[in-house]
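Below is one structure, written out as structure tokens; comments come after it.
All values derive from a computational prediction rather than experimental measurement. We count ligands from 1, going down the list as the structure has it; atoms in each ligand are counted the same way.
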Amino acid sequence: FPAENIRNFSIIAHIDHGKSTLADRLLELTNTISASGSNKQVLDKLKVERERGITVKAQTVSMFYNHKGKDYLLNLIDTPGHVDFSYEVSRSLAACQGTLLLVDAAQGIQAQTVANFYLAFGQGLEIIPVLNKIDLPGAEPERVLRQIESAFELDTASILKISAKASINIDQVLPSVIEKIPPPVGSRDKPFRGLLFDSWYDKYVGVVCMLGIKDGMLRKGDKVVSAYSDTKYDITEVGIMHPEQLPTGYLHAGQVGYIVCGMKSASEAHIGDTFHHLGQTVEVLPGFQPAQSMVFAGIFPVDTNDFRKLDDNIKKLTLNDASVSVHKETSHALGQGWRLGFLGTLHMDVFRQRLENEYDANIIVTQPTVPYKITYKDDSFKLVRNPADFPDLEERSFKVAKLQEPMVIATLIFPDEYMGKLIELCGTRRGEQLEYVYVDETRVMMKYRMPLAEVVTDFYDELKSRSSGYASFDYEDGGYEDSDLVKMNVLLNSKPVDALSVILHRTQVDLVGRDWVKRLKGVIQRQLFDISIQTALGSKIIARETISALRKNVTAKCYGGDASRKMKLLQKQKEGKKRMKMIGNVELPQKAFYDFMDKS
Ligand code: GTP
């Protein structure tokens with residue numbers, strides 16, 4: 001295929017606006033998959049993705065299409081839709097020349113539509129707006145057109161209006177891609193350069209990498225080098241995804257395809273890396289930055305005998321997801337475990353769910369923390385990812401010169417009737433308003449600068465509940481900022497539980513301290529002795545609750561009568577214990593560590 005007959009494009013959209021459904025329709029239209037009319041969602045490979053209906057791992061598919069008598073090779077590069085993966089989104093976009101900006105005609109533009117638009121716009125891509133779901137009775141295409149014009153200044157005169165589900169106007173999509181998106185540039189005669197923009201672990205062939213070929217040719221048998229790690233690899237297979245791996249023997253400038261090169265783990269595949277031939281020097285492709293974990297949590301086996309098994313399973317899962325960072329950790333309260341770093345909270349939840357689904361793991365996850373920067377008076381520097389490592393009050397006042405926390409720029413879009421409630425929410429989360437504008441007569445877009453720590457816990461749930469589900473939200477990196485941070489400890493029967501410590505802004509300690517003892521009281525069951533729950537800042541107690549002793553005898557209610565009922569109750573009690581962890585002589589459920597945060 002000459003470059004002018006190739007198009008590399010992606011679909012960007014807010015979650016649920018129909019990206020996967022449209023991709024399915026395009027694959028059917030080009031006979032890349034057989035048409036059945038059902039929602040197969042070939043692009044969403046993982047079970048969790050199907051369950052949650054979100055795209056986590058990008059998948060790319062090559063299609064063949066005849067337009068006005070010419071054959072075209074169209075590469076649809078899938079991008080993850082969620083904010084946690086914005087670095088991966090920008091890398092996938094770097095492999096395209098254009099993108100379809102898909103907007104739900106009933107919902108209108110949402111926070112991720114805006115965030116994705118700016119990522120694509122910043123990369124200089126041709127952006128084709130498309131209205132989807134025009135079959136819905138609630139669709140308001142004219143209104144959404146005005147939003148697109150006012151927010152993005154895009155020309156909507158000949159905008160595509162489609163329904164991916166009801167297959168309306170799907171045949172107009174690819175002609176528009178071919179006519180509006182420019183073909184890839186790059187020369188086949190130059191030395192080979194490839195951009196690595198995705199990778200995954202395949203149980204038969206090992207690590208598979210997706211490359212966008214910027215210049216030159218890559219053939220099976222070639223020797224290549226990673227510009228990032230300087231590691232050498234032998235290319236054992238090259239090909240295109242159609243929709244599964246289809247070996248082609250070579251790839252040339254302008255194409256997008258996969259390579260297999262004997263990598264042992266996905267951690268060797270750095271998204272954004274440049275590959276070149278051994279012995280050649282080339283200019284490295286721009287924009288590479290290693291994925292940064294921004295949310296950290298401790299993971300511990302409920303039963304210490306499961307440690308090895310869990311260790312194996314975490315290794316297997318991280319083989320497929322190089323963006324999870326893993327370090328062993330020991331907690332006084334929970335024993336041996338790991339501190340895992342994730343790109344964001346959704347990423348963390350998906351990982352935990354996969355661990356539980358695919359490996360049947362019984363685990364305790366601690367409250368997520370963000371990385372804090374500490375500069376000491378002797379100029380040394382530390383990044384703290386675990387509250388247990390955060391200096392206590394005394395060390396803080398003697399040794400610490402500066403404490404900093406990561407910030408984000410948050411975008412919220414919602415109907416204006418929720419304005420009061422959302423301004424209040426952002427205010428209590430230490431947010432500072434940067435901007436607010438109307439995107440149409442009744443929809444508002446607000447921008448806030450706020451601490452990442454405030455958005456990683458239950459912000460999203462609160463946002464949804466205060467806006468009856470109508471507010472959408474996204475954020476981008478906002479750098480680090482000085483902050484008056486302290487560590488709050490939790491004491492059970494006067495003993496601190498390290499796994500429950502949390503880093504807070506000083507102004508929040510009283511409120512959170514009082515709240516936590518109440519919530520903990522709500523999730524810890526009464527036992528045969530009194531349990532005192534305290535929160536403390538250094539030696540100063542902030543709040544205290546007591547759970548009074550109870551003589552626990554669940555079978556007493558049965559009046560000795562029905563034996564099978566008694567067995568059932570005992571069984572139920574046993575199951576209830578599965579997720580309990582003994583801290584000293586107090587039993588703590590998983591909810592005490594993390595889940596209770598979102599049960600407000
Ligand atoms: P993520 O993978 O989470 O980013 O979502 P997505 O954008 O890929 O959305 P998906 O294709 O999974 O569609 C979300 C929901 O909208 C599904 O229930 C689809 O069946 C439905 N849907 C998609 N397109 C249309 C459409 O044109 N009309 C109607 N009525 N529903 C649609």
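Residue contacts with ligand 1 for D135 involve side-chain atoms from C-beta outward but no N, CA, C or O (heavy atoms, distance under 4.0 Å). Of the heavy atoms in K19, both backbone and side-chain atoms come closer than 4.0 Å to ligand 1.
In this structure, F351 has its ring center closer than 6.0 angstrom to the ring center of F342.
Considering backbone and side-chain atoms together, I134 places no N or O closer than 3.5 Å to any N or O of ligand 1. In terms of polar-atom proximity, defined here as any N/O pair under 3.5 Å, A164 does make such a contact with ligand 1.
Listed by chain and residue number, nothing satisfies the salt bridge (charged side-chain N to carboxylate O under 4.0 Å, His left out) test with E149 (two or more places apart in sequence, or in another chain). Partners of Y418 according to the ring pair (Phe, Tyr, Trp, His ring centres under 6.0 Å) rule, which considers only residues two or more places apart in sequence or in another chain, do not exist here.
Shown in contact with G18 at under 4.0 Å from a heavy atom are these atoms of ligand 1, numbered in order with element: 6 (P), 7 (O), 9 (O), 10 (P), 11 (O), 13 (O), 23 (C). Atom numbering of ligand 1 starts at 1 in the shown order; those under 4.0 Å from a heavy atom of S20 are 2 (O), 6 (P), 8 (O), 11 (O). Near L136, with a cut-off below 4.0 Å to any heavy atom, the atoms of ligand 1 are 30 (N). The S163 neighbourhood of ligand 1 comprises atoms 26 (C), 27 (O), 28 (N), with distances under 4.0 Å to a heavy atom of that residue.
Counting all heavy atoms, side chain and backbone alike, P243 lies closest to M241 at O-CE, 3.5 Å.
The only option from T60, T79, T99 that meets the side chain to side chain donor-acceptor pair (under 3.5 Å) definition with S10 turns out to be T99.
Ring planes of H14 and H17: tilted class, angle from 30 to 60°.
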